[in-house]
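Below is one structure; the comments refer to it alone.
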Amino acid sequence: MEDRLPLLIQKQLNAVIQKHPPLFPWETKIEEYETTEVESGNSKLTSPPPSSPEADREDR
């Protein structure tokens, strides 16, 4: 029973956010923004750089 109230509140909040998404302070209406390469899944930008032997020695 204790878990049900937060679940119901979360469900209602999600429904309200879906109908009326929050805006940035400078926005007056919902706008679509261009997707950046990171958001589009470009693996060169989303994968961490390979570790170097020098970096491994610095951690110790």
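If you read the sequence from its start, that first residue is 1, and numbering goes on from there. Note that these values count all heavy atoms, side chains included, but never hydrogens, waters or copies made by symmetry. The structure presented is a predicted model; accordingly, all values stated were derived computationally and were not measured.
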Legend entry - Student check: side-chain heavy atoms of Leu23 and Ile30 closer than 4.5 Å: yes
Between Asn14 and the options Gln10, Gln18, Lys11, the side chain to side chain donor-acceptor pair (under 3.5 Å) test singles out Gln10
Under 3.5 Å, side chain of Gln12 to main-chain N/O of Ile9, donor-acceptor pair present?
no
- request: Find the distance between CG (Asp3) and CG (Leu8) and round it off to the nearest 0.5 Å.
  value: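 Answer for the CG-CG pair, Asp3 versus Leu8, is 11.0 Å.
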